[in-house]
A.B. asks: 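One structure follows; several queries about it will come next.
Note that these values count all heavy atoms, side chains included, but never hydrogens, waters or copies made by symmetry. Here the structure is a predicted model, which means the values were calculated and not measured. In this chain, numbering begins with 1 at the start of the sequence shown.
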Amino acid sequence: MSSKSFILTINAGSSSVKFALFRVGQTPERVFSGKIERIGLPDSALTVTDAASGRTEREQITAADHAACAGLLIERLERKMSAADIVAVGHRVVHGGPRYSEPQRVIPEVLAELSRLSPYDPEHLPSELGLIEAFGQKFPGLPQVACFDTAFHRDMPRVARLLPIPRRYEAEGLRRYGFHGLSYEFLLDELRRIGGAAADGRVILAHLGNGASMAAVRGGKSFDTTMGFTPAAGLPMSTRSGDLDPGIVAYLANTENMTVEQFHEMVNSRSGLLGVSETSSDVRDLLAREQNDPRAAEAIALFCYQAKKWLGAYAAALGGLDTLVFAGGIGENSPEVRARICEGLEFLGIELDSARNSANEAIISKASGPVAVRVIRTDEEIQIAKSAWKVMAAAIA
């Protein structure tokens with residue numbers, strides 16, 4: 001394989017697509033990265049940032065759907081390089097179902113199974129599959145690799161995977177899967193690089209962003225995680241509700257004639273921070289408004305309170321705690337939220353150093369504290385590139 005070989009990574013969200021190009025090597029080297037935002041809206045935009053110079057280009061585009069984004073990406077790529085130099089396209093695929101616990105080369109059988117799984121995650125899977133199919137039609141000989149967010153949690157103990165519903169549904173694939181796996185895999189690898197044996201201890205990884213979850217890790221393997229059958233479970237998030245009393249479904253159906261589709265849309269798109277605050281899904285906005293807006297203050301308080309509860313629960317499940325890692329847009333950039341989550345948890349060994357925390361240092365706990373609290377910037381794209389390269393290298397060997 002030539003030194004000019006590249007891997008393209010695609011990370012599709014419900015209304016955006018992040019992408020990056022990496023030069024193949026022992027450690028993938030980022031060439032450029034970008035994002036298509038506000039897909040399906042009149043003011044869609046595409047930004048591309050060159051990794052070497054840091055220069056960013058932004059342009060208004062028309063992107064009716066995710067399949068249209070594939071065409072735009074292909075066009076921009078062909079301006080910069082020959083498609084023949086791309087070794088593979090690695091895709092983040094949120095749900096692998098019960099069958100896929102490792103990255104997979106996309107072949108017709110895999111594509112058919114993922115299509116069958118679409119009802120598991122209608123927010124993500126259809127758009128992710130649309131991108132895979134669009135690239136396959138344009139470049140039928142170009143290998144594509146599906147990298148699953150659920151794969152990291154494949155080793156969770158059975159008791160952590162079971163749902164307390166009639167057993168027959170387990171045979172249909174209804175169980176707790178967990179998500180944010182690509183982020184967690186990167187964070188654990190990074191912790192192993194900078195912290196050595198700490199990665200094999202009792203670790204809680206907190207990916208707090210637009211989507212928010214936590215994972216309890218012991219011996220380098222997932223032990224439990226807050227998200228369940230779908231990414232809407234667990235912590236309250238920007239627009240997702242997190243865990244709810246299932247009786248709310250029947251109540252709203254009876255009192256408001258709310259349909260299943262309407263309930264699904266509500267808990268995924270109109271709940272969480274947005275639902276409680278009634279103004280914004282962005283923590284930065286809410287922190288700026290909380291002094292004068294009790295709704296904003298309550299939304300932040302609820303988010304931090306629930307995160308604190310999960311920290312305590314996972315410390316109990318792990319039998320103690322050695323390392324806590326904050327990541328994601330909120331976890332990496334909001335000292336206020338980190339401080340509020342950790343406040344009062346000294347009995348668990350969590351003691352923040354306020355100066356380090358305010359400065360967003362790599363280690364924000366007190367030197368004397370028994371639990372190391374770290375901030376690590378996650379990188380799902382490079383994890384996709386590593387996984388895709390591993391699959392391709394195995395195929396060549």
Side-chain angles (χ1 to χ4, degrees), residues 180 183-184 186-188 190-191 193-195 198-199 202-217 226 234-240 242 272-274 276-277 279-315 321-380:
H180 284 145
S183 175
Y184 289 139
F186 174 84
L187 294 173
L188 199 61
E190 191 68 2
L191 182 60
R193 184 183 71 81
I194 61 180
R202 300 166 299 182
V203 180
I204 295 177
L205 304 172
H207 178 112
L208 307 180
N210 220 15
S213 71
M214 292 185 184
V217 178
T226 55
L235 294 163
M237 306 171 220
S238 292
T239 63
R240 297 178 195 152
L273 296 175
L274 177 62
V276 175
S277 73
T279 56
S280 177
S281 62
D282 194 308
V283 161
R284 293 167 295 186
D285 295 339
L286 301 177
L287 287 170
R289 296 171 184 163
E290 65 176 342
Q291 292 300 319
N292 301 310
D293 186 344
R295 299 169 303 169
E298 283 190 342
I300 292 291
L302 177 63
F303 181 82
C304 296
Y305 174 67
Q306 292 294 334
K308 188 193 302 281
K309 282 173 57 177
W310 281 106
L311 274 180
Y314 282 163
L321 182 62
D322 303 309
T323 305
L324 168 62
V325 176
F326 284 103
I330 301 169
E332 294 164 16
N333 301 304
S334 182
E336 299 97 328
V337 170
R338 293 193 301 255
R340 294 181 198 185
I341 290 172
C342 294
E343 184 181 6
L345 296 182
E346 291 81 7
F347 74 100
L348 291 179
I350 297 173
E351 300 177 20
L352 293 195
D353 181 302
S354 58
R356 288 179 174 179
N357 183 43
S358 297
N360 281 317
E361 293 188 14
I363 297 178
I364 59 173
S365 49
K366 292 181 179 178
S368 59
V371 174
V373 183
R374 294 179 177 268
V375 178
I376 299 178
R377 191 164 296 278
T378 194
D379 193 334
E380 292 174 327

A.B. asks: For the residue pair Ile194 and Arg374, establish whether any side-chain heavy-atom pair is separated by less than 4.5 Å.
C.D. replies: yes

A.B. asks: Quick check: do Phe303 and Leu286 have side-chain heavy atoms less than 4.5 Å from each other?
C.D. replies: no

A.B. asks: Please round to the nearest 0.5 Å and tell me the distance separating atom CD1 of Ile350 and atom CD of Glu343.
C.D. replies: 12.5 Å

A.B. asks: Could you tell me whether a side-chain N or O of Tyr314 sits under 3.5 Å from a main-chain N or O of Val203, the two making a donor and an acceptor?
C.D. replies: no

A.B. asks: Judged by atom type as modelled, is there a donor-acceptor pair below 3.5 Å linking the side chain of Ser238 to the main-chain atoms of Asn210?
C.D. replies: yes

A.B. asks: Between Val217 and Leu205, does the side-chain contact (heavy atoms from CB on, under 4.5 Å) criterion hold? Intermediate values first, please.
C.D. replies: CA-CA 8 Å; Val217 178; Leu205 304 172; 3.9 Å; yes

A.B. asks: Roughly how far apart are Ile300 CD1 and Leu287 CG, rounded to 0.5 Å?
C.D. replies: 4.0 Å

A.B. asks: I need the full list of side-chain hydrogen bond (donor to acceptor under 3.5 Å, both in side chains) pairs touching residues 293-313, with sequence neighbours left out, sorted by first then second residue.
C.D. replies: Glu278-Arg295, Asp293-Arg295

A.B. asks: Return the minimal non-hydrogen interatomic distance between Ile341 and Ala307, and the atom names on each side.
C.D. replies: CD1-CB, 3.7 Å

A.B. asks: List the steps, then state whether side-chain contact (heavy atoms from CB on, under 4.5 Å) holds for Val283 with Leu208.
C.D. replies: CA-CA 11 Å; Val283 161; Leu208 307 180; over 6 Å; no

A.B. asks: Show, in sequence, the C-alpha distance, side-chain angles and deciding distance for Asp353 and Glu361, and conclude whether the side-chain contact (heavy atoms from CB on, under 4.5 Å) test is met.
C.D. replies: CA-CA 10 Å; Asp353 181 302; Glu361 293 188 14; over 6 Å; no

A.B. asks: Is the closest side-chain heavy-atom distance between Glu351 and Ser365 below 4.5 Å?
C.D. replies: no

A.B. asks: Might you work through the side-chain contact (heavy atoms from CB on, under 4.5 Å) test for Arg289 and Ser277, ending with a clear yes or no?
C.D. replies: CA-CA 10 Å; Arg289 296 171 184 163; Ser277 73; over 6 Å; no

A.B. asks: Working to the nearest 0.5 Å, report the span between CG of Asp282 and CG of Leu273.
C.D. replies: 9.0 Å

A.B. asks: With rounding to the nearest 0.5 Å, note down the distance linking CD1 in Ile376 to CG in Leu187.
C.D. replies: 6.0 Å

A.B. asks: Taking side chain to side chain contact (heavy atoms under 4.5 Å, CB included) as the criterion, tell me which of Leu345, Leu348, Val373, Ile364 meets it with Leu324.
C.D. replies: Val373

A.B. asks: Identify the heavy atoms of Leu191 and Ala199 that sit nearest to each other, and give their distance.
C.D. replies: CD2-CA, 3.9 Å

A.B. asks: Show me the side-chain donor-acceptor pairs of residues 327-338 shorter than 3.5 Å, one per line, residues at least two apart or across chains.
C.D. replies:
unit_1	atom_1	unit_2	atom_2	d
Glu332	OE1	Arg377	NH1	2.9
Glu332	OE2	Gly328	N	2.9
Glu332	OE2	Thr378	N	2.9
Asn333	OD1	Arg377	NH2	3.4
Asn333	ND2	Gly329	O	2.9
Ser334	OG	Val337	N	3.3
Arg338	NE	Asn357	OD1	2.8
Arg338	NH1	Gly331	O	2.9
Arg338	NH1	Glu332	O	3.3
Arg338	NH1	Asn360	OD1	3.1
Arg338	NH2	Asn357	O	2.9
Arg338	NH2	Asn357	OD1	3.0
Arg338	NH2	Asn360	OD1	2.6

A.B. asks: Any idea which heavy atoms bring Tyr184 and Ser213 closest together, and the distance?
C.D. replies: OH-OG, 2.6 Å

A.B. asks: Does any part of the side chain of Ile204, heavy atoms only, come nearer than 4.5 Å to the side chain of Leu321, both counted from C-beta?
C.D. replies: yes

A.B. asks: Measure the acute angle between the ring planes of His180 and His207, then classify it against the limits of 30° and 60° as parallel, tilted or perpendicular.
C.D. replies: parallel

